[in-house]
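To start, the structure itself, in structure tokens.
Since this is a predicted model, take the numbers as computed values, not measurements. Each chain gets a letter, A, B and so on, in the order its sequence line appears, and its residues count up from 1.
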2 protein chains.
Amino acid sequence: MSKKTTIKDIAKKTSLSTTTVSRVLNGKSEKYRIAKTSQEIIEAAALELNYVANHFAANLKSGKSNTIGLIIPSLSNPFFANIASKINSEVRKFGYTTIIADSDENVEIEKTELQQFVSRNIEGLIIIPCGKEMEHIEQVYQKGLPMVLLDRYFEGIEIPFVSTDNFEGAFMAANLLINHGHNSILCIQGVIDSTPNKMRIKGFKQAMKDAGIDDFKVVGDAFSSENGYLETKMLLQNKIRPTAIFTLSNTIAMGCLKALKEENIRIPQDISLITFDDHLYLDYLATPITSVAQPVEIICKLAMKNLMSALSNKEEKTIKQVILKPEIKYRESVSRINIIV
Amino acid sequence: MSKKTTIKDIAKKTSLSTTTVSRVLNGKSEKYRIAKTSQEIIEAAALELNYVANHFAANLKSGKSNTIGLIIPSLSNPFFANIASKINSEVRKFGYTTIIADSDENVEIEKTELQQFVSRNIEGLIIIPCGKEMEHIEQVYQKGLPMVLLDRYFEGIEIPFVSTDNFEGAFMAANLLINHGHNSILCIQGVIDSTPNKMRIKGFKQAMKDAGIDDFKVVGDAFSSENGYLETKMLLQNKIRPTAIFTLSNTIAMGCLKALKEENIRIPQDISLITFDDHLYLDYLATPITSVAQPVEIICKLAMKNLMSALSNKEEKTIKQVILKPEIKYRESVSRINIIV
DNA sequence: CTGAAAGCGCTAACAG
DNA sequence: CTGTTAGCGCTTTCAG
């Protein structure tokens with residue numbers, strides 16, 4: 001690898017000091033009233049020598065990395081990939097660069113990634129925690145690093161977050177099922193310890209309780225299609241089946257669908273399905289699936305706004321925890337049942 | 001933000017030199033035969049003071065960033081998000097960290113991201129170019145930075161790449177259509193200048209030519225669902241319709257599906273559909289869609305192997321350009337037509 | 001087994 | 001308008 005050009009090289013070539021070169025190359029010519037001619041020769045030299053600033057050296061001195069870190073649980077989950085994409089373009093708008101890390105739903109990896117980020121002097125952090133632990137995150141937050149949690153958050157601590165009203169979403173979904181006459185419902189959940197999951201379960205159970213329904217079950221333990229597949233497969237071993245399934249994510253629904261298809265169970269004739277998280281593809285399925293949609297676009301924008309304000313006035317640690325309302329997307333996957341008494 | 005602990009702090013606290021501290025903290029105790037006791041007090045102190053290495057300072061001196069850069073055209077495209085996810089975990093296996101950038105299918109952003117990466121002293125680069133230009137990429141390559149192109153590449157230059165035989169894939173798809181009796185075919189393409197797109201078009205046209213079919217058309221200009229949607233909408237304005245559509249990506253197919261659904265056109269009764277790129281969801285659609293599947297897993301693994309070998313022996317610039325065979329996933333979206341003569 | 005000293009490339013006082 | 005000087009925090013000779 002050919003050695004890189006440094007400002008020193010440029011200084012030598014132009015017979016100016018490194019300071020002047022640095023100033024010109026950082027757009028501070030105005031501020032220091034540097035001669036037009038100097039500017040020109042420096043810029044010409046930089047171009048000719050193919051100069052690329054050494055970000056590390058600059059950061060080491062200035063302490064500004066101009067970088068935002070984003071940790072998400074899984075890029076292969078379209079729900080998160082979509083968020084990553086949106087955050088990325090938002091961040092760019094503010095003149096920062098994003099570096100993305102994928103924790104693979106694994107706390108240990110999450111911890112490593114977090115350390116990586118800290119050691120890279122990132123200026124702000126957006127995290128969708130994998131949700132199993134929070135100490136490591138809180139510790140970094142307490143050090144004063146601006147941070148926003150997305151989607152998954154932790155209760156009872158002051159880290160800012162932007163999320164959806166998961167209780168409400170699940171409550172709405174369960175009630176939709178109930179109102180359609182369903183009274184035997186299976187709920188396939190995601191990561192058990194994660195706040196969104198807990199809230200969803202709470203909302204689900206509340207609806208059951210309010211309607212006086214006892215015949216329900218909660219199974220599963222991951223926001224993955226494997227989980228959805230396995231749980232559905234197991235369910236179908238029994239002769240007695242619920243009338244409806246409520247999956248707590250997109251990905252779980254996908255696995256559930258696969259199992260249902262393998263067993264030739266039709267939606268919604270044989271079983272009804274409703275899921276948390278919306279996605280384009282849900283509209284094109286054999287039976288379009290009714291979903292609880294989160295306002296992803298808004299979540300991302302708010303998170304960024306939140307983070308950027310923390311970035312500009314660091315002292316004032318305003319606690320900003322926002323919870324947005326979800327919305328039901330009615331499609332055709334929930335059938336109306338006539339209750340036989 | 002509370003000041004960070006440095007090795008200096010640890011040195012002071014332990015009454016050892018920064019050199020020794022650095023060595024212990026970098027796992028070089030063995031190599032320098034450092035006393036067990038010294039190791040222990042240093043490690044204890046590091047833990048207590050909550051030490052996190054400053055990556056920039058380390059890199060500035062050593063020149064090793066331990067980082068691989070990945071540039072992809074769009075994280076919101078599941079095909080690429082999936083690749084990002086796989087690359088990310090492969091890279092971790094080799095003890096490196098990935099930083100991901102999303103060019104948003106925009107060459108200008110791609111150029112900026114590339115500069116960002118270079119200035120961050122990344123050690124290797126995996127790029128899925130947005131495909132419109134290549135000079136900036138080649139320039140970085142010529143400087144000696146290990147690099148592999150994925151999926152999209154450029155012909156006639158020596159940068160290593162791993163891709164699919166796009167000609168063959170499109171040729172196979174077109175022939176499948178032809179063998180099913182289709183003789184009026186619309187092809188909706190992606191980014192026109194990109195090599196995969198060009199090769200696919202070539203394969204498609206070759207098949208048409210071989211079969212003596214004149215009634216075909218190529219439209220569109222982006223690997224996006226909007227493109228698929230718009231082109232299909234426009235198509236449906238005409239009274240005369242093709243018997244089959246061949247979309248050159250997943251995302252295009254999605255948009256096409258949306259338009260078809262809006263106009264109540266059934267697949268495959270009214271029109272047949274085949275698409276490049278496989279995806280789980282294609283199996284669960286109203287009509288499961290036949291696709292040309294790329295061996296994504298293998299592509300990612302090979303790319304990494306390629307990159308890692310370049311990383312270990314930099315002198316030997318072996319040119320490694322590999323093209324893998326795609327595979328047709330037969331599903332139900334292509335109907336058999338009886339030709340009326 | 002340990003340490004002193006010399007920078008990596010850049011920026012930021014301070015000083016003209 | 002420009003330059004000198006002093007580091008940022010770490011690693012790496014070189015020298016015990």
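With sequence neighbours excluded, no residue satisfies side chain to side chain donor-acceptor pair (under 3.5 Å) with A:Thr5. Qualifying side chain to side chain donor-acceptor pair (under 3.5 Å) partners for A:Ser119, counting only residues two or more places apart in sequence or in other chains: none.
Considering only heavy atoms from C-beta on, A:Asn54 stays 4.5 Å or farther from A:Thr6 through its side chain.
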Q) In the 5'-to-3' direction, what one-character label does each nucleotide of nucleotides 10-16 of chain C receive under the scheme B = base within less than 4.0 Å of a protein heavy atom, S = sugar-phosphate only, - = no such atom? A) SBBBB--

Report, one line per pair, each donor and acceptor closer than 3.5 Å where one atom sits in a side chain of residues 69-77 of chain A; sequence neighbours left out.
unit_1: A:Ser74; atom_1: OG; unit_2: A:Ser76; atom_2: N; d: 3.4
unit_1: A:Ser74; atom_1: OG; unit_2: A:Ser76; atom_2: OG; d: 3.2
unit_1: A:Ser74; atom_1: OG; unit_2: A:Asn77; atom_2: N; d: 3.4
unit_1: A:Asn77; atom_1: OD1; unit_2: A:Phe79; atom_2: N; d: 2.9

Name each donor-acceptor pair under 3.5 Å that joins a side chain in residues 23-46 of chain A to protein atoms two or more places apart or in another chain, with its distance.
unit_1: A:Asn26; atom_1: ND2; unit_2: A:Ser22; atom_2: O; d: 2.7
unit_1: A:Asn26; atom_1: ND2; unit_2: A:Ser22; atom_2: OG; d: 3.4
unit_1: A:Gln39; atom_1: NE2; unit_2: A:Ile34; atom_2: O; d: 3.1

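Tested against B:Arg152, the residues B:Glu110, B:Glu133, B:Glu105 include a single salt bridge (charged side-chain N to carboxylate O under 4.0 Å, His left out) partner, B:Glu105.
Between A:Glu113 and B:Arg92, at least one side-chain nitrogen of the basic residue sits less than 4.0 Å from a carboxylate oxygen of the acidic one, meeting the salt-bridge criterion. At a threshold of 4.0 Å, the pair B:Lys13-B:Glu48 counts as salt-bridged, since one of the basic side-chain nitrogens sits closer than that to a carboxylate oxygen.
Of all nucleotides in DNA chain D having an atom under 4.0 Å from a heavy atom of chain A, the first and last in 5' to 3' order are D:dC1 to D:dG9.
Counting non-hydrogen atoms under 4.0 angstrom, A:Ser29 reaches nothing in the nucleic acid.
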